[in-house]
Undergrad: 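Provided herewith is a single structure, encoded as structure tokens, for subsequent inquiry.
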Amino acid sequence: MPQLKDIKNWNVEIETEITNSWKQKEQFKFNPKTKKKIYSIDTPPPYINSPIHMGHAVTYCFMDFFARFRRMKGEEVLFPLGLDRNGLPIEMAAEKKYKVSPFKIGREKFVEYCEKLLSESSAESIDSFAKLGISFSSYKEGTDIGAIYNTDSPEYRTLTQWTFIDLYKKGLIYEDSRINNWDPKLRTTIADSEIERKEKETDFNYVKFKVKETGKYITIATTRPELLCTAVLIIYNPKDNRYKDLKGKTAIVPIFNIEIPILEHEDADPDFGSGIAYMSSSGGDQDAVRFLRKMGIKPVSPIGIDGLMNEKAGFLEGLKTDDARKKIIEEIKNKNLMEKQEKMIHSVPISERSKAEIEFIEMPEFYLKQMDYKKDIKKISKDINFYPKASKKILDSWIESVSIDWPISRRRYYATPVPLWYSENLIALAPQGKYIEPWRQDPPKDAEVIDAETKKSKGTVKDFPSNKWKGEERVLDTWFDSSISELNMLQYHKDDEFFKKAYPASLRPQGKEIVRTWLYYTVLRGFLETGKACFTDTWIHQHILDEKGRKMSKSVGNIIDPQEILKEDGAEALRLWAATEGDLSKGDFTCSKDKIKAERKTLNKLLNVSKFVMMFHKPSKKPAITKLDQLFIDHIENLTSEVDKLYLIYDFNHPAQDLRKFLWDTLASNYIELVKNRAYNEEDKFTDDESASAKYTLHFLLERLLTLLYPIIPQITSLIAKEKGIDLLTIEWPKPTPTTNNQQLITSLAEFNSQIWKTKKEKGISLRDSIKGIKIPKELSEFEKDLKACHKI
RNA sequence: GAGUCCGUAGGCUAAUGGCAGACCCUCUCGCUUACACCGAGAUGACCCAAGUUCGAUCCUUGGCGGACUCACCA
């Protein structure tokens with residue numbers, strides 16, 4: 001390690017040396033046998049196929065602040081790094097990189113490509129985290145508690161399947177065929193939480209329908225005329241007097257000539273379109289889907305799983321929905337049934353992952369019951385402390401808006417398989433505790449067999465030797481894996497004793513944008529498994545924006561790459577900036593390279609203050625402390641107490657600002673200036689005791705400052721402290737002893753000093769020269785000797 | 001369309017029913033037995049309107065503007 005005196009400026013080379021040694025020594029290893037209180041952080045696993053972005057960098061810095069502080073507070077910190085390797089992002093990356101489609105090359109081959117992609121991804125992120133100085137429990141992959149884990153590891157997937165079977169047996173998971181959100185590009189069902197919206201211009205077509213009984217025409221406006229083939233009924237609002245005479249009559253669907261009833265229904269909005277709407281049994285949008293559910297109409301979809309029109313669409317069969325729409329509009333116009341067309345902008349649901357427009361297609365899928373537990377979830381979420389408090393509203397409002405059970409099965413490939421087999425009217429359940437891939441594996445002999453209808457146990461696979469079993473091909477939603485991350489971290493069903501001791505997890509740190517997915521699903525799953533709230537605390541953070549306050553995105557080209565910052569300015573500057581810039585739980589903050597660079601000044605100031613203090617030997621015995629010195633000792637004791645309180649509630653922003661202010665203003669500009677002469681004591685103006693008091697206090701203040709700053713800037717502080725024989729990595733957090741002494745005097749001192757410096761400047765006297773005619777204020781009279789020596793009064 | 005949060009110097013922020021404090025930038029001056037990546041100092045701000053109040057940047061209402069969440073048109 002470099003010596004302090006050899007370091008002119010804090011730099012990246014020193015950081016590399018320190019962080020490398022931390023990484024190699026496994027310095028922050030978790031001890032599962034500990035008697036200390038366990039503090040566990042359920043970190044959000046980043047996807048490994050892309051390098052970490054600024055948001056990752058900053059939020060992991062915050063998690064590291066929390067972890068290092070809790071270690072100092074005497075807690076055993078479990079702080080694992082997870083790597084997300086499951087699901088659609090990996091599949092989409094594989095499709096792109098190797099230019100393959102799973103629909104063409106088949107599942108087996110495609111999974112191999114996914115595995116190939118993953119093995120070639122170098123997990124660059126691990127290196128970036130190490131350089132940031134993140135004190136993960138381990139930097140080695142493995143199955144030890146606290147080791148780096150992969151979300152696609154057999155161990156993790158085993159637990160996912162364990163919980164699936166468990167919930168399935170309890171009847172909380174069921175299969176049902178419903179209209180659901182269908183992503184035609186990825187060819188899978190997706191949940192409401194995976195939907196985004198996009199503004200789109202479409203034609204609003206006013207189409208004429210003939211009324212059978214009267215022969216008159218009515219006009220119905222629609223954006224989706226291609227769904228006319230599955231029209232089932234027509235509604236108008238009961239309050240709408242224009243259409244009263246239509247009640248109970250029959251309409252004939254143009255082109256397809258289907259006869260459908262006309263009824264009154266309050267879902268029809270008299271002010272929208274013509275006031276009459278046709279309802280298609282294929283849904284068409286989420287509202288319509290809900291309407292069908294309400295009316296108990298069996299859904300029939302004219303759209304196939306490939307997103308193309310199917311045989312139910314008649315002459316439109318085989319066309320993409322867009323083309324089908326064009327064709328039928330043409331047809332309607334030819335038959336003179338188009339009254340008019342308007343352009344309208346409406347927002348269409350699109351898939352968050354593929355950005356494809358969602359279709360509503362009926363598919364049998366597995367569902368996890370959640371509607372029955374809305375009240376419970378709301379209740380137990382009260383047991384979780386939200387930081388900031390207001391972020392609880394995001395969760396509450398989502399819980400309220402949950403309207404259907406959670407569809408958990410997906411028709412994709414690189415994810416945890418649904419662990420079931422089928423044979424005639426029997427279902428085989430995978431044994432719990434082993435990772436199983438039914439799509440390419442026969443059921444083990446000891447797999448339990450149940451009746452598909454009654455769900456009653458029929459023995460095991462052994463008992464049905466002549467049956468042929470067909471493995472389930474569907475996989476589970478990635479959130480079904482992710483929503484048990486804390487159970488996995490705490491060894492659920494792996495190490496019961498440990499789980500009992502450590503559950504619930506201490507902290508869930510995560511972004512506000514995944515409250516409705518990750519947080520909500522985790523609370524739900526945690527409740528279903530344990531009946532309790534799964535976290536003690538949750539810290540919800542906002543976003544890092546670019547210099548102008550815009551979202552950073554590749555397409556705008558405004559990305560600030562943390563890897564670059566690490567190379568140029570180093571981790572400590574980045575961390576200090578992250579802490580001082582703002583309160584990430586309160587609002588977004590903008591990222592500017594200049595500001596990060598500017599934090600290097602503070603690092604160098606700390607370095608120089610330390611060098612200065614260490615020019616003096618620390619007295620081996622505590623000397624009698626002068627009044628001036630005691631004033632500053634009291635000050636930092638109060639500061640300690642304040643910092644302690646705020647760190648505990650995840651506020652590192654105010655402490656960081658206060659500590660920086662202490663370093664620059666209180667310590668460097670005022671205290672050091674005041675006691676310099678006394679510490680040197682070259683002219684023997686002071687007694688040895690007085691001089692010793694100054695030396696002792698300089699060291700005391702520095703040591704305390706380093707300790708308080710350590711969670712934020714661990715490298716520079718621990719390096720300096722080491723030279724003083726203190727190991728900040730293992731030192732205990734100081735017990736704050738706040739005083740009620742008059743801290744106002746520090747302000748008065750600073751004001752007085754400033755006054756003298758100003759006066760000297762105005763008179764053109766060098767600061768070193770003596771000055772006459774200055775009266776020391778009464779309240780500061782007890783510091784007269786120091787003040788006179790300092791200012792040469 | 002509904003809800004939540006927010007609007008303070010050129011930028012980013014803090015506190016506050018009476019005086020609005022830092023930081024970065026800019027400007028001026030300086031060189032002091034740790035530090036020129038330094039020191040001292042200066043300029044500069046409460047979105048608008050109404051109400052409550054002796055007094056509002058702060059509380060209330062409305063408007064304008066922004067961020068986010070939810071919903072969304074047959």
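Keep in mind that this is a model prediction, so the values were computed, not measured. Letters go in sequence order (proteins before strands), and every chain restarts at 1.
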Undergrad: Quick one, A/Glu264 and A/Tyr236 - any side-chain contact, counting heavy atoms below 4.5 Å?
TA: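 Touching, per the 4.5 Å side-chain cut-off.
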
Undergrad: Think A/Lys605 has a side-chain N or O under 4.0 angstrom from the OP1 or OP2 of B/G39?
TA: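 Answer is yes, contact under 4.0 Å.
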
Undergrad: Checking only heavy atoms, does the side chain of A/Asn9 share a donor-acceptor pair with the base of B/C37 at less than 3.5 Å?
TA: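 Flag set: donor-acceptor pair detected.
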
Undergrad: Evaluate the ring planes of A/Tyr520 and A/Trp398, with Trp represented by its six-membered ring, and classify them as parallel (under 30°), tilted (30 to 60°) or perpendicular (over 60°).
TA: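 Because their plane-to-plane angle is over 60°, the rings of A/Tyr520 and A/Trp398 count as perpendicular.
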
Undergrad: Check whether any side-chain nitrogen or oxygen of A/Lys393 sits under 4.0 Å from OP1 or OP2 of B/U69, and answer yes or no.
TA: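 Looking at the OP1 and OP2 atoms of B/U69, neither is under 4.0 Å from any side-chain N or O of A/Lys393.
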
Undergrad: On a whole-Å scale, what distance lies between the P atoms belonging to B/G66 and B/C27?
TA: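 Comparing P positions in B/G66 and B/C27 gives a spacing of 34 Å.
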
Undergrad: Under the criteria of a ring-centre distance below 5.5 Å and an interplanar angle below 30°, is A/Trp398 stacked with the base of B/U69?
TA: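 Aromatic stack with B/U69 absent for A/Trp398.
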
Undergrad: Would you classify A/Asn677 as touching base, sugar-phosphate or nothing, given that sugar-phosphate means primed atoms plus P, OP1 and OP2, and contacts are heavy atoms under 4.0 Å?
TA: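 Answer is base: heavy atoms of A/Asn677 come under 4.0 Å of a base.
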
Undergrad: With the side chain of A/Arg600 defined as its heavy atoms from C-beta on, choose the nearest nucleotide among B/A74, B/C37, B/A15.
TA: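 Nearest to the side-chain atoms of A/Arg600, counting from C-beta on, is B/C37.
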
Undergrad: Given the C1' atoms of B/C24 and B/G44, what is the spacing between them in whole Å?
TA: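 Nearest-Å result for B/C24 against B/G44 at atom C1': 14 Å.
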
Undergrad: Please confirm whether the backbone N or O of A/Asn9 pairs with a side-chain atom of A/Asn604, one donor and one acceptor, at under 3.5 Å?
TA: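 Side chain of A/Asn604 to backbone of A/Asn9, a donor-acceptor pair under 3.5 Å: no, none is there.
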
Undergrad: Which part of the nucleic acid, if any, lies within contact of A/Leu607, taking any heavy atom under 4.0 Å across all strands shown: a base, the sugar-phosphate backbone alone, or nothing?
TA: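 Since no nucleic acid heavy atom lies under 4.0 Å of A/Leu607, the category is nothing.
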
Undergrad: Between A/Tyr680 and B/A34, does any side-chain N or O lie under 4.0 Å from OP1 or OP2?
TA: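 True: A/Tyr680 side-chain N/O within range (under 4.0 Å) of B/A34 OP1/OP2.
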
Undergrad: Can a side chain N or O of A/Ser754 be found less than 4.0 Å away from OP1 or OP2 on B/G41?
TA: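 For A/Ser754, the contact criterion (side-chain N or O under 4.0 Å from OP1 or OP2 of B/G41) is met.
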
Undergrad: Under 4.0 Å between any heavy atoms, over every strand shown, what does A/Lys661 touch: base, sugar-phosphate, or nothing? Just pick one.
TA: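 Nothing, no heavy atom under 4.0 Å.
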
Undergrad: With the side chain of A/Lys595 defined as its heavy atoms from C-beta on, choose the nearest nucleotide among B/C12, B/A34, B/A15.
TA: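 Nucleotide nearest to A/Lys595's side chain: B/C12.
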
Undergrad: Could you check which of B/A14, B/A34, B/C24 has an atom nearest any side-chain atom of A/Lys601?
TA: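 Among the listed nucleotides, the one closest to the side chain of A/Lys601 is B/C24.
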
Undergrad: With heavy atoms under 4.0 Å as the rule, sort A/Glu673 into base, sugar-phosphate or nothing.
TA: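 Touches a base.
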
Undergrad: Ignoring backbone atoms, establish whether A/Arg224 has a side-chain N or O less than 4.0 Å from OP1 or OP2 of B/A74.
TA: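 False: A/Arg224 side-chain N/O out of range (4.0 Å or more) of B/A74 OP1/OP2.
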
Undergrad: Considering only side-chain heavy atoms of A/Thr222, which listed nucleotide, B/A14, B/A74, B/A67, is closest?
TA: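 That would be B/A74.
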
Undergrad: If you check every side-chain atom of A/Trp664, which of B/A67, B/C38, B/C23 has the closest atom?
TA: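 Of B/A67, B/C38, B/C23, B/C38 is nearest to the side chain of A/Trp664.
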
Undergrad: With the threshold set at 4.0 Å, does a side-chain nitrogen-carboxylate oxygen contact exist between A/Arg600 and A/Glu572?
TA: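 Result for this pair is no, no salt bridge flagged.
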
Undergrad: Tell me whether A/Asp786 is salt-bridged to A/Arg678, with the criterion being a basic N under 4.0 Å from an acidic carboxylate O.
TA: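 Salt bridge between A/Asp786 and A/Arg678, a charged N being under 4.0 Å from a carboxylate O: yes.
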
Undergrad: Determine the contact category for A/Ala598: base if any of its heavy atoms lies under 4.0 Å from a base atom, sugar-phosphate if only primed atoms, P, OP1 or OP2 are that close, otherwise nothing.
TA: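 Answer is nothing: A/Ala598 stays at 4.0 Å or more from every strand.
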
